[in-house]
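Report on one structure; see the data block that follows.
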2 protein chains.
Amino acid sequence: MPNRNADDDALLALSNQLCFAVYSTALAFNGVYKPLLDGLGLTYPQYLVMLVLWERDDVPVKDIGQLLHLDSGTLTPLLKRLEAAGLVSRQRSARDERQVRITLTEAGRALRERAKAVPQGIFAACGLSTPTLLKLKDELIALRDRLDAASG
Amino acid sequence: MPNRNADDDALLALSNQLCFAVYSTALAFNGVYKPLLDGLGLTYPQYLVMLVLWERDDVPVKDIGQLLHLDSGTLTPLLKRLEAAGLVSRQRSARDERQVRITLTEAGRALRERAKAVPQGIFAACGLSTPTLLKLKDELIALRDRLDAASG
DNA sequence: AACAAATATTTTGCAAGCAATTTAATTGTT
DNA sequence: AACAATTAAATTGCTTGCAAAATATTTGTT
């Protein structure tokens, strides 16, 4: 039986609360993005993939997964939907036939212009000053990296 | 054509990055919780529901939804799984037949003891001091509430 | 060269999460 | 009392997200 009292429990419950804060904030962000992305025909994870591709085209699935912390079981069907929507093309690499490389179509590139309005809506909804926003982002990334390290 | 330059774009991109930080931290938290909750036979959202019930038993689905920011489309099947697992019972309220009230079974109450070990693992994985953790939590809750307000 | 180990992607199955619709019960209005 | 409006859950359909297994290719070893 561990030697622990009510104060310890309250303290420990904080980490539960931090996780819930992150969890519910992620859901709330989705609620703000949704109406903005609906017009583009994208979901939030699909938008993330497009952000990657707008930054660097012709990317293997694996790299997208590492950048977005998603595995191929999530990405394969998502990318097929983007392909079906005519935004990307998927083709086996000639050099390494195990890889599938993702390339933007003309429509995919064109979507970037329409997507430029999205961040403004998000920024406004956050209601944070730029330094506060920057600090919060950095703290979360640091936390995330520790969590990833802890779970392998 | 909006009058905006590269600096503005970089600034606005920050809100995108904050959202991604929250998103990927939520996924990372899940990765830490998963092995801890697997032993209890719970998923993270199920664990959240159990936390609510351990705090206050005999709760309408609606109240659980408000506390966890989840709607009935998510909760109904989740609660049915908890019921199938023998942890809760679902029964229509006598006073208001529209409501379904959720009550812990004996097994549901008993699970609380085994769940006490969970927060310790999370706290350790976070690697944050208690004040830092508290502040981060509060900032996220404030952000979440602003986001919820912005999306209705 | 033969073959084991590692790598990249796909597939399958399950549990969220949400929008939109449906059903049933309650409340409010005339 | 009759009837419209509201409310609480449940249902349907679609998109994540992950674990585990399957497939195919490449790399490493002997």
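Within every chain, numbering begins at 1; the chains are lettered A, B, ... in the order of the sequence lines, protein sequences first and strands thereafter.
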*Under 4.0 Å between any heavy atoms, over every strand shown, what does B:Pro60 touch: base, sugar-phosphate, or nothing? Just pick one.*
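If one applies the 4.0 Å heavy-atom cut-off, B:Pro60 turns out to touch the sugar-phosphate alone, with no base involved.
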_Sugar-phosphate only, base, or nothing, as touched by B:Arg81 at under 4.0 Å among non-hydrogen atoms_ =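 Contact class for B:Arg81: sugar-phosphate only.
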*Is there a path from A:Leu136 to A:Ile141 through hydrophobic residues (I, L, V, M, F, W, Y) whose side chains come within less than 4.5 Å of each other?*
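No, because A:Leu136 and A:Ile141 fall into different hydrophobic clusters, even though each may have its own neighbours under 4.5 Å.
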*asked:* Quick check on the hydrophobic clustering: are A:Leu134 and B:Tyr23 connected, directly or via other members, by side-chain heavy-atom contacts under 4.5 Å?
replied: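 Linked within one cluster.
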Spacing of [X] atom [atom1] relative to [N] atom [atom2], expressed in whole Å:
X: B:Leu79; N: D:dA8; atom1: CG; atom2: P; value: 16 Å
X: A:Glu83; N: C:dT9; atom1: CD; atom2: P; value: 14 Å
X: A:Leu37; N: D:dT16; atom1: CG; atom2: P; value: 11 Å
X: B:Lys80; N: C:dA15; atom1: NZ; atom2: P; value: 14 Å
X: B:Ile102; N: D:dA8; atom1: CD1; atom2: P; value: 15 Å
X: B:Leu82; N: C:dC14; atom1: CG; atom2: P; value: 18 Å
X: A:Leu42; N: D:dT15; atom1: CG; atom2: C1'; value: 13 Å
X: B:Ile64; N: C:dA16; atom1: CD1; atom2: P; value: 13 Å

Of all the heavy-atom pairs spanning [X] and [Y], show the shortest one and how long it is.
X: B:Leu40; Y: B:Val118; result: CD1-CG2, 4.0 Å
X: B:Leu104; Y: B:Met50; result: CD2-CE, 3.7 Å
X: B:Ser89; Y: B:Thr105; result: N-CG2, 4.1 Å

Output a table of nitrogen or oxygen pairs between the protein and nucleotides 25-28 of chain D separated by less than 3.5 Å.
residue, atom, partner, partner atom, Å
D:dT26, OP1, A:Glu97, N, 3.2

Between the protein and nucleotides 17-21 of chain D, list every N/O to N/O distance that falls short of 3.5 Å.
residue, atom, partner, partner atom, Å
D:dG17, OP1, B:Tyr23, OH, 3.0
D:dG17, OP2, B:Tyr23, OH, 2.3

*asked:* With a 4.0 Å cut-off on N to O distance, would you call B:Arg92 and B:Glu97 a salt bridge?
replied: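 No salt bridge links B:Arg92 with B:Glu97.
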_Salt bridge or not between B:Glu83 and B:Lys80? Use side-chain N to carboxylate O under 4.0 Å._
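Result for this pair is no, no salt bridge flagged.
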*Is A:Gln99 near enough to D:dA24 that one of its side-chain N or O atoms lies under 4.0 angstrom from OP1 or OP2?*
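Result: no.
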*A:Tyr44 ring center near A:Phe29 ring center (under 6.0 Å)*: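 Not close enough - the centres of the two rings lie 6.0 Å or further apart.
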_Sequence neighbours excluded - salt bridge (Lys or Arg N to Asp or Glu O under 4.0 Å) pairs with any residue from residues 124-138 of chain A_ =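 The answer is A:Lys135-A:Glu139.
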